[in-house]
Amino acid sequence: MHFAFTDEQAMIAETVRGFFAEHATSARTRKAMAGDGVDRALWASFCTELGLSGVAILEDAGGAGLGLVELAIVAEAAGAQVAALPLLGHVMASQALAVGGGDRQVLGELIAGDTIAAYAHRADLSASGDTLNGTIEFVAHGGIADCFVVTTNDAAWLVAADAPGLTVTPLTTMDQTRPYARLTLNGVAGERLSDPAAAISAAHNAGFVVLAAEALGGAQACLDRTVGYSLERVQFGRPIGSFQAYKHRLADMMVEIEQARSAVYWAACAIDESSDEAALAVHAAKSFAADTFFRCAGDMIQLHGGIGFTWEHDAHLFFKRARAIQTLLGEGAWHREQIAAMVFGDAA
Amino acid sequence: MHFAFTDEQAMIAETVRGFFAEHATSARTRKAMAGDGVDRALWASFCTELGLSGVAILEDAGGAGLGLVELAIVAEAAGAQVAALPLLGHVMASQALAVGGGDRQVLGELIAGDTIAAYAHRADLSASGDTLNGTIEFVAHGGIADCFVVTTNDAAWLVAADAPGLTVTPLTTMDQTRPYARLTLNGVAGERLSDPAAAISAAHNAGFVVLAAEALGGAQACLDRTVGYSLERVQFGRPIGSFQAYKHRLADMMVEIEQARSAVYWAACAIDESSDEAALAVHAAKSFAADTFFRCAGDMIQLHGGIGFTWEHDAHLFFKRARAIQTLLGEGAWHREQIAAMVFGDAA
Amino acid sequence: MKLGFTPAEEDFRKEAADWLAGQMAGEFADIKGITKLTERPERRKEWEQQLAAHGWSCIGWPKEWGGRDASLAEQVIFAEEYARAGVPGRINHIGVELAGPTILTFGTDEQKAKFLPGIAAGTTIWCQGFSEPNAGSDLASVRTKARLDGDEWVVDGQKIWTSLAHVSDWIFVVTRSEEGSKGPKGLTFVMMDLAQPGIEVRGIKQINGDAEFNETFFDGARTAADNIIGAPGGGWKVAMGLLAFERGVSTLGQQMGFRNELDEIVAAAKANGAARDPLIRQRIAKAEIGLRLMRYGAMRMLSNTDHSRPDGAALTYKIQWASWRRALGELAMDVLGQTGEVTDGPAYEWGILPNLFLYSRADTIYGGTNQIQRNLIAERALGLPREPRGDL
Amino acid sequence: MKLGFTPAEEDFRKEAADWLAGQMAGEFADIKGITKLTERPERRKEWEQQLAAHGWSCIGWPKEWGGRDASLAEQVIFAEEYARAGVPGRINHIGVELAGPTILTFGTDEQKAKFLPGIAAGTTIWCQGFSEPNAGSDLASVRTKARLDGDEWVVDGQKIWTSLAHVSDWIFVVTRSEEGSKGPKGLTFVMMDLAQPGIEVRGIKQINGDAEFNETFFDGARTAADNIIGAPGGGWKVAMGLLAFERGVSTLGQQMGFRNELDEIVAAAKANGAARDPLIRQRIAKAEIGLRLMRYGAMRMLSNTDHSRPDGAALTYKIQWASWRRALGELAMDVLGQTGEVTDGPAYEWGILPNLFLYSRADTIYGGTNQIQRNLIAERALGLPREPRGDL
């Protein structure tokens with residue numbers, strides 16, 4: 001039992017924080033927002049220079065052979081900068097391919113950054129054999145993906161973006177750093193993964209952890225930036241950070257964030273260690289961290305006063321990202337209902 | 001449209017506030033709490049000296065011929081002192097008798113304070129004709145009542161406390177100023193009221209208004225007493241009321257209380273004026289005022305620090321009364337569900 | 001205490017409702033239902049002139065100045081019917097609800113004659129310059145300078161959050177007119193024509209993609225010496241009086257806008273099944289309760305004639321509605337789910353509910369943040385000690 | 001980063017669990033499941049002596065002083081198993097978790113020899129005297145006086161909230177030993193035998209009807225000159241160090257008590273149908289999440305070896321658990337409904353859940369109110385300006 005980073009983990013954390021702080025600047029992110037929502041150069045350096053695009057993929061599948069703890073460290077750092085990257089879809093798709101018996105060559109291309117994947121799930125998508133029909137909404141970074149891992153509750157396929165019968169419609173999205181697309185599948189041929197249960201489970205667990213960790217990083221950034229502002233900004237002749245009500249609100253943010261931090265790394269560890277707490281932990285982490293982020297981002301706006309609701313200030317990037325994380329991969333109430341069912345031993 | 005007290009109403013308010021402040025002292029209330037939960041001398045002077053025990057009963061039925069606004073004024077003042085009085089049962093029972101065709105002599109005795117009534121409702125109480133069987137829980141001040149108005153959803157009876165077959169079991173109750181009793185009816189003969197629909201509706205509307213108004217008075221007392229304490233108590237070399245976080249919490253209490261005040265008098269007016277908003281208003285007033293009171297009483301304890309959770313301090317009287325009001329006559333979630341059904345035009 | 005209206009008042013309601021409905025079905029059908037403050041300003045000026053032409057522009061003002069001397073009940077009724085008819089909010093609301101009443105209360109007869117007719121007629125649109133980049137919620141820290149140069153005031157400085165300045169004709173500006181003065185002393189309340197080279201207005205884009213607010217720069221801007229309200233150096237008192245007008249009848253019209261938003265949410269919940277979710281039902285009920293309590297709080301505020309003590313309903317109103325509406329925005333998004341996070345077309349422009357979600361984050365900030373409101377309540381209503389200023 | 005335990009640690013868990021279960025099924029079955037701190041103190045002293053006799057009293061202490069030099073993981077495991085077995089909380093928890101560690105850290109060898117054996121053996125029960133009637137959360141305002149009179153300290157004054165003083169043998173008292181000193185200076189940390197005529201203990205009845213807390217009056221109370229920890233006037237440093245011990249392994253045992261409470265609520269909800277209410281289900285899930293996060297927060301706190309910066313998990317722990325438990329009390333009552341508001345028999349004595357509801361209102365007050373906790377977090381962890389004191 002040692003619930004703190006190892007030296008290696010601390011080093012990874014330092015490296016990725018430095019990487020995103022240096023490269024995922026507000027200016028670059030805003031440029032991506034005005035375009036198709038992805039900073040391609042940043043993604044390329046993330047995959048090639050940092051070598052962490054396959055962080056939680058087994059080495060024999062071309063990854064770094066680390067775990068979800070290290071993945072969470074990466075996602076936390078990316079979230080702290082609201083980086084405009086296709087990280088979520090990449091992680092979910094590559095996890096599915098790696099453990100679900102997917103195409104190793106495609107997996108290699110994903111890790112190398114040559115190919116960008118998105119993940120698209122619909123429980124009741126119509127499939128006759130490997131021919132897919134139907135619509136999948138809200139596919140994160142779907143508009144720029146080269147391929148998709150498409151799943152139902154019990155099957156998974158790899159689908160190329162240019163597959164006949166597939167229409168990808170990019171949508172104007174509130175969080176411009178992770179725009180959604182609608183997939184319309186009209187007799188699309190998918191390449192079936194041999195172990196769909198493993199693929200779906202690995203993809204979703206990794207997705208929950210990525211979102212929770214992004215939320216943690218985002219929430220901490222909201223707190224840090226607001227603390228910084230509060231020490232500079234003078235009102236009524238005093239730094240606003242000297243007003244007790246302001247201090248207490250920042251303290252409340254920290255109380256939530258510290259819990260979110262426990263939640264994220266508990267969930268990542270629980271999966272890495274195949275703990276029987278893993279299912280509970282991912283639902284807890286996803287819902288708690290998302291709510292924490294939303295609250296902190298809302299507080300960031302409020303505590304910045306007028307400047308906080310301008311387009312020019314970064315607060316809205318965090319705020320919109322937080323909202324998106326709340327609804328991606330299941331809303332908070334749904335996750336809590338899963339936990340209630342475990343606690344009560346039922347499924348209401 | 002004039003949503004402020006008339007001169008007459010303002011005079012009544014001043015009178016009842018003075019009456020309860022003078023007589024319903026902490027010492028007298030605590031004496032009642034240690035006994036059977038009623039200050040009989042106070043009730044006697046309320047009925048005989050003040051002449052407001054029939055405030056919202058028509059004059060030809062022996063009342064003062066005023067409305068629920070005036071009743072709310074009385075209940076607000078009683079609630080501000082957490083007076084140990086059988087007001088709730090008295091009002092509900094006497095309203096039921098007055099408009100439901102009940103025994104006028106008994107009604108006269110109730111208003112005169114010679115007889116104390118309680119109100120006992122159970123939707124599915126077993127009745128064959130006028131013979132009643134079953135158990136009714138949580139009858140407020142049931143242990144000291146001389147008679148009961150017993151109702152189901154569509155019938156109402158007057159039952160004497162010494163009726164054969166009736167067992168009244170007083171219960172140790174968290175709010176010692178309004179202890180509950182269990183009624184066990186074993187072939188009890190009731191005296192049927194001729195207009196049960198009118199009786200039940202009048203009783204419940206009056207009950208909702210009494211509880212909401214008590215809650216308003218209690219919440220305002222919590223705020224007033226805490227403000228007073230905050231100006232006296234010095235910590236860290238300053239009156240604690242000068243700390244901004246403390247000030248803001250008191251301000252938040254006031255924001256809630258002002259809304260509760262609007263709610264209580266809106267509901268009372270809406271019933272008095274037979275407005276089509278009346279049903280919505282009573283559910284809003286009961287749930288909102290009860291929650292406001294609970295929050296303010298909890299804050300009162302918190303903002304008093306250590307002394308606030310001692311038996312010796314009055315904060316717990318308010319706190320326990322607030323909790324009791326939350327659950328009496330339907331919990332907040334139930335009232336809000338009634339409102340949702342009105343808004344959506346359904347009944348989920 | 002009485003909530004109902006008299007038959008005569010109900011007749012007035014019908015008259016107003018009929019006229020407004022006729023306009024929104026006829027000549028001005030093209031602006032019905034507009035909710036964004038920045039949409040179609042020129043056409044809305046025409047509408048406000050139409051209101052004036054039919055005597056509906058400033059009904060609570062004295063007849064002498066273009067009003068109707070309408071009773072409180074009539075003003076309440078008109079505000080409700082105005083919003084119920086789907087008429088867009090007044091683009092000149094600063095003129096009608098703030099500048100006009102301020103001039104009526106504090107202005108000279110000459111100033112009344114000069115400014116009130118243009119406001120009543122809808123020909124002169126006003127905006128206000130209170131906040132500054134370093135004095136967001138802190139009027140006493142104003143730095144914009146005014147000095148008397150012969151028979152003109154010359155103003156230099158910068159204001160921010162000047163809502164609708166880009167469509168306005170005149171602005172009233174709180175300035176520091178006594179060099180070296182601090183805090184509430186030495187402030188002067190200056191009225192200026194915006195159409196002059198010394199004033200530049202730049203839009204501020206908000207998080208919803210819209211730009212209702214502006215920065216307004218003053219560089220040797222000029223106005224006649226008698227275009228000040230109150231005495232030179234006496235601006236604080238005027239500004240405080242003006243803020244009180246913000247809590248008038250107009251709140252009821254604002255609430256009808258909230259009603260429309262809540263109705264949209266209810267309709268969306270019915271359409272997508274969220275109406276069956278017990279958690280959503282509780283929140284809808286709370287929103288409904290809150291809106292009703294806002295209405296009756298406003299009624300209490302308007303009925304209150306005892307000005308000898310702080311009015312609790314009035315002092316708590318701003319934080320109440322702002323917090324309520326921010327929560328409403330979150331409820332709207334939770335009802336919509338991810339559908340609320342996407343919009344048709346390439347432009348970053350949002351429908352009523354997502355826009356509510358984004359815009360309402362500003363509600364708890366402008367016009368005095370929630371934090372400032374709590375200070376005011378604690379100090380003015382509860383008598384708690386004032387916050388110490390760092391520099392005073 | 002690793003959450004699991006080693007096989008050796010799991011063996012240790014089994015050993016501890018078996019021994020505890022045996023005791024609770026055997027000789028000490030009569031105290032199993034007691035949750036109130038005030039219940040059956042004499043019998044519980046016997047139990048703590050039994051713990052000591054079998055080497056389970058202070059397992060984290062050095063072997064030299066009656067401990068086992070247990071590793072962090074072993075301490076975690078023992079705390080969890082202790083509570084899981086339904087063993088009542090340590091009546092001497094002040095001695096074992098605060099006084100003992102303070103003496104171990106700051107005491108002289110003579111003091112260690114004099115005091116530690118009694119604590120380890122469970123024969124000397126300790127309580128603490130920090131708060132005063134006018135210095136609830138403000139240790140720097142302490143007024144209780146100590147003066148050296150020959151070879152004895154003489155103490156006069158009053159302490160309040162001295163938990164379990166009525167069953168304790170010794171008390172440690174923060175006193176003001178330098179006349180005229182202010183704030184954190186001039187404080188001395190004095191240890192005193194309670195059994196003397198100069199000390200009187202009076203119970204304070206709480207809102208749940210129980211009396212765990214006391215007022216303790218000192219009137220010429222005496223103790224030997226060397227019964228002070230640290231230097232005369234150096235009590236502040238010792239007191240601050242002692243407060244840090246409050247966030248140790250014992251938190252995990254405390255959490256197991258919370259687990260029992262939550263389990264009771266879940267059982268009640270299943271029994272009365274509240275488990276089918278979606279609103280209750282959400283709150284149960286939140287409570288479950290909060291409790292787990294408390295556990296992993298404690299694990300982070302205990303695993304943290306970087307003491308160069310403020311430990312976020314540690315600084316936020318008190319407000320986290322206190323707020324969580326207060327909410328749990330409200331949840332308990334909402335699950336029970338009116339049934340929770342009545343109790344059998346004539347005495348005002350409550351079952352575990354209603355008692356939780358009432359008692360937990362104190363959790364956010366004692367040991368530093370939530371307000372004080374927020375100040376500490378803001379100032380120590382976030383580096384925000386300190387609150388100005390009125391008199392310093």
Side-chain angles (χ1 to χ4, degrees), chain B residues 1-6 9 67 69-70 223-224 227 230-231 238-239 241-244 246-263 265-266 268-270 272-273 275 277 280-281 283-285 287-288 332-333 335-346 348, chain C residues 1-6 9 72-73 76-77 262 266 269-270 275-276 278 280-290 292-306 312-317 319-320 323 370-371 373-379 381-388:
Chain B
M1 195 284 296
H2 181 73
F3 198 33
F5 287 159
T6 61
Q9 288 164 341
V69 170
E70 288 78 9
L223 175 58
D224 293 344
V227 166
S230 80
L231 294 172
R238 297 161 52 183
S242 72
F243 286 97
Q244 195 187 33
Y246 201 105
K247 288 165 62 178
H248 280 200
R249 192 135 168 188
L250 292 168
D252 283 339
M253 289 164 77
M254 181 165 178
V255 173
E256 296 300 307
I257 289 168
E258 287 298 326
Q259 291 178 79
R261 189 173 302 285
S262 300
Y265 288 99
W266 166 40
C269 273
D272 284 343
E273 299 177 27
S275 156
E277 286 186 330
L280 201 155
H283 290 303
S287 59
F288 193 94
H335 285 284
R336 286 187 291 271
E337 173 53 35
Q338 307 313 303
I339 291 174
M342 295 178 203
V343 171
F344 285 119
D346 63 15
Chain C
M1 192 167 264
K2 185 174 182 328
L3 294 179
F5 293 96
T6 65
E9 286 161 354
L72 187 60
V76 165
I77 287 168
L262 178 51
V266 168
K270 282 184 178 178
R276 289 190 299 274
I280 294 292
R281 293 174 72 84
Q282 287 287 312
R283 292 169 66 190
I284 290 280
K286 283 184 185 170
E288 180 70 38
I289 293 170
R292 302 281 182 143
L293 299 189
M294 238 180 271
R295 178 170 199 266
Y296 291 102
M299 295 291 197
R300 280 176 55 214
M301 201 158 92
L302 294 168
S303 301
N304 181 23
T305 51
D306 174 9
L315 265 171
T316 57
Y317 187 75
I319 192 171
Q320 181 187 344
S323 305
N370 278 9
Q371 287 71 36
Q373 299 300 328
R374 291 190 184 98
N375 279 350
L376 291 176
I377 294 165
E379 294 167 10
L382 301 177
L384 294 164
R386 295 181 68 85
E387 285 300 304

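Below, read A as the first sequence line, B as the second, and so on, with proteins coming before strands; counting in each chain starts at 1.
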Residue pair C/R300 / B/E258, side-chain heavy-atom distance below 4.5 Å:
yes
Turns out that what part of B/E256 lies under 4.5 Å from chain C's heavy atoms comes down to neither
Practice prompt. Applying side-chain contact (heavy atoms from CB on, under 4.5 Å), run through C/K2 and B/E273 and close with a yes or a no.
Written response: CA-CA 8 Å; C/K2 185 174 182 328; B/E273 299 177 27; 3.7 Å; yes
Can you confirm whether B/M254 sits close enough to C/I319 that some side-chain heavy atom of one is under 4.5 Å from a side-chain heavy atom of the other?
no
Looking only at C/I377, C/L72, C/T6, C/I280, most heavy-atom pairs under 4.5 Å shared with chain B are made by C/I377
Nearest heavy-atom contact between B/L231 and C/G383 is CD2-O, 4.2 Å
Ranking B/Q9, B/H283, B/R249, B/H335 by heavy-atom pairs under 4.5 Å to chain C gives rank one to B/Q9
Honestly, the part of B/V69 sitting under 4.5 Å from a heavy atom of chain C is side chain
Anything under 30° is parallel, anything over 60° is perpendicular, the rest tilted; go ahead and classify B/W266 against C/Y296.
parallel
Under 4.5 Å to a heavy atom of chain C? For B/F344 that would be both
With chain B, the option among C/S303, C/A285, C/G4 that has the most non-hydrogen atom pairs under 4.5 Å is C/S303
Counting heavy-atom pairs under 4.5 angstrom with chain C, the leader among B/G332, B/G345, B/G241, B/G67 is B/G241
Taking the side chain as everything from C-beta on, heavy atoms only, tell me whether C/R281 gets closer than 4.5 Å to B/E337. yes
Turns out that what part of C/R386 lies under 4.5 Å from chain B's heavy atoms comes down to backbone
Value for CD1 (B/I339) from CD (C/Q282), rounded to nearest 0.5 Å, stands at 9.5 Å
Checked C/L3, C/I284, C/N370, C/V76 vs chain B; the most non-hydrogen pairs under 4.5 Å come from C/L3
Between the NZ atom in C/K270 and the CG atom in B/D346, the distance rounded to the nearest 0.5 Å is 7.5 Å
When the 4.5 angstrom heavy-atom criterion is applied to C/E387 and chain B, the contacting part is both
Rounded to the nearest 0.5 Å, the CG atom of C/L376 sits from the NZ atom of B/K247 at a distance of 9.5 Å
With chain B, the option among C/A378, C/P385, C/A269 that has the most non-hydrogen atom pairs under 4.5 Å is C/P385
Greatest number of non-hydrogen atom pairs under 4.5 angstrom with chain C, of B/A260, B/S287, B/S275, B/A340, falls to B/A340
Most contact-rich option vs chain C, by heavy-atom pairs under 4.5 angstrom, among B/L223, B/V343, B/V227, is B/V343
d(C/E288 CD, B/L280 CG) to nearest 0.5 Å is 5.5 Å
Separation between OG (B/S262) and CD (C/Q320), nearest 0.5 Å, reads 7.0 Å
If one checks every heavy atom of B/D252 against chain C at 4.5 Å, the contacting part turns out to be side chain
Flag side-chain contact, heavy atom, 4.5 Å: C/Q371 against B/Q244: no
Rounded to the nearest 0.5 angstrom, the CZ-NZ distance for B/R336 and C/K286 is 4.5 Å
